[in-house]
Amino acid sequence: MGSRTVGRGGRSLGGGLVVAVAGCLAGALTACGAGGGHGAVKPTASGAGAGASSAVAARGGTIGAPGSACRLPVTFALAKNWKPESTVPDSTGSTSSPGSTGSSGSAAPDDDLAAEIADALLHQGPVTAVCEVDAKPAGHIGFLRVWTGEPGAADARSVLASFVGAEKGAAQAMYRTFTTGGLSGTEVEYRVTSEILEETKTERALAVTTPDGPVVVHLGGLDDEEHRAMLPAYELAKSTLRVTAH
């Protein structure tokens, strides 16, 4: 197998944020702007989901609750060896500190540009990336990412449609409803084409609404092979999804 370029599904938004920014500047990311398409809703029986996979990964830790790696409006179980990391900016307003300009605290123009691009990468449609779970420790190239939005009247379907619509190259979106842990939501399976990489791959996501706002959980991956290999981790997250207790 020849060398493969890691696209959006294989880049980190947290600790590897600078790498992602550099990739975006080089045109290597598959989603650095708005665009995409929408598909038809296909309701399914309770508990059904997009795609044919129903295997569930071996359970590792749990995120979402206070004190976990990512505090979220929902909690769910992680696949064994998957590593979570918050992408929420710290108290200084930054998600990483490379390229520090010294005690003066002033940022160089390049730092401002990187920060602007990083901010764009952390937003997609109506939601913001707040947590990513890295699959590399489990032997895969990809992430399970969590995005949250502000409380409002939008339902899960419309939030998810806006999320997919904001991903450049997204098409063939197929939506389904599901229920889990007292939550009703919508999930989607769609194809994303990178004009630069000349590759098309499958991605999927689910959305639920909570009193603290909507939550989107997204699974990408380097390519279709990696995506399929990581589906059990996605299924585990979906089947254990619960509203975080206050």
Side-chain angles (χ1 to χ4, degrees), residues 1-32 36 49-61 63 69-70 76-87 95-96 98 117-118 120-122 124 129-147 163-164 167-172 187-206 216-238:
M1 180 182 294
S3 61
R4 296 185 295 180
T5 302
V6 178
R8 180 175 181 270
R11 291 185 180 275
S12 172
L13 296 177
L17 184 59
V18 173
V19 175
V21 172
C24 185
L25 288 171
L29 296 181
T30 63
C32 294
S53 174
S54 60
V56 176
R59 188 167 180 161
I63 59 170
C70 302
F76 59 87
L78 302 177
K80 187 177 181 181
N81 295 326
W82 285 51
K83 182 180 179 181
E85 180 181 0
S86 174
T87 56
T95 56
S96 58
I117 295 174
L121 289 172
L122 289 169
Q124 185 167 320
V130 294
C131 185
E132 64 179 15
V133 189
D134 192 354
K136 286 194 293 295
H140 305 295
I141 303 176
F143 296 88
L144 191 67
R145 291 193 172 105
V146 185
W147 307 66
F163 177 82
V164 174
E167 183 160 0
K168 187 175 182 180
Q172 301 176 37
E187 64 177 327
V188 62
E189 179 179 338
Y190 58 103
R191 300 284 284 171
V192 177
T193 300
S194 167
E195 295 180 358
I196 293 182
L197 299 178
E198 296 183 344
E199 293 179 355
T200 301
K201 61 190 181 76
T202 299
E203 298 189 2
R204 68 189 66 203
L206 63 83
V216 173
V217 180
H218 172 268
L219 178 69
L222 176 66
D223 52 26
D224 280 347
E225 181 181 356
E226 288 287 0
H227 183 82
R228 286 191 297 269
M230 296 187 296
L231 281 179
Y234 170 87
E235 294 293 340
L236 174 64
K238 184 178 74 172

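Counting from 1, the numbers follow the sequence of the chain as shown. Just so it is clear, the model here is predicted, and its values are computed rather than measured. All values below come from the heavy atoms of this structure, side chains included, with hydrogens, waters and symmetry mates left out.
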What is the minimum heavy-atom distance between Pro137 and Lys83, and which atoms define it? CG-CB, 4.0 Å
Applying side chain to side chain donor-acceptor pair (under 3.5 Å), name anything that partners Asn81, two or more places apart in sequence or on another chain. none
side-chain contact (heavy atoms from CB on, under 4.5 Å) against Ala229, all qualifying residues, sequence neighbours excluded: His140
How long is the span from the OG1 atom in Thr202 to the CD atom in Gln172, to the nearest 0.5 Å? 8.5 Å
Under the side-chain contact (heavy atoms from CB on, under 4.5 Å) test, which residues partner Ala237, sequence neighbours left out? Phe76, Leu144
What one should report as the nearest heavy-atom pair of Trp82 and Leu219 is CH2-CD1, 4.4 Å
Using modelled atom types only, decide if a donor and an acceptor are shared between the side chain of Thr87 and the backbone of Cys131 within a distance under 3.5 Å. yes
Could you walk me through whether Arg191 and Asp224 satisfy the side-chain contact (heavy atoms from CB on, under 4.5 Å) test, starting with their C-alpha distance in whole Å, then the side-chain angles of each, then the deciding distance to 0.1 Å, before giving a yes or no? CA-CA 10 Å; Arg191 300 284 284 171; Asp224 280 347; 2.8 Å; yes
Can you name the one residue among Arg228, Arg204, Lys201 that meets salt bridge (Lys or Arg N to Asp or Glu O under 4.0 Å) with Glu189? Arg204
Interatomic spacing from CD1 in Ile63 to CD in Glu85 - rounded to 0.5 Å: 11.5 Å
Using 30° and 60° as the class boundaries, would you call the ring planes of His218 and Tyr190 parallel, tilted or perpendicular? tilted
Heavy-atom pair of closest approach, residues Ala55 and Glu235: O-CB, 3.3 Å
Euclidean distance, Thr193 OG1 relative to Lys168 NZ, rounded to 0.5 Å: 11.5 Å
What one should report as the nearest heavy-atom pair of Phe163 and Ala205 is CE2-CB, 4.3 Å
Mind listing the closest non-hydrogen atom pair of Ala57 and Ala233 along with its distance? CB-N, 3.8 Å
What I'd like to find out is whether the side chain of Val146 reaches to under 4.5 Å of the side chain of Cys70, using heavy atoms alone. no
How close do Glu226 and Ile141 get, heavy atom to heavy atom, and via which atoms? OE1-N, 3.3 Å
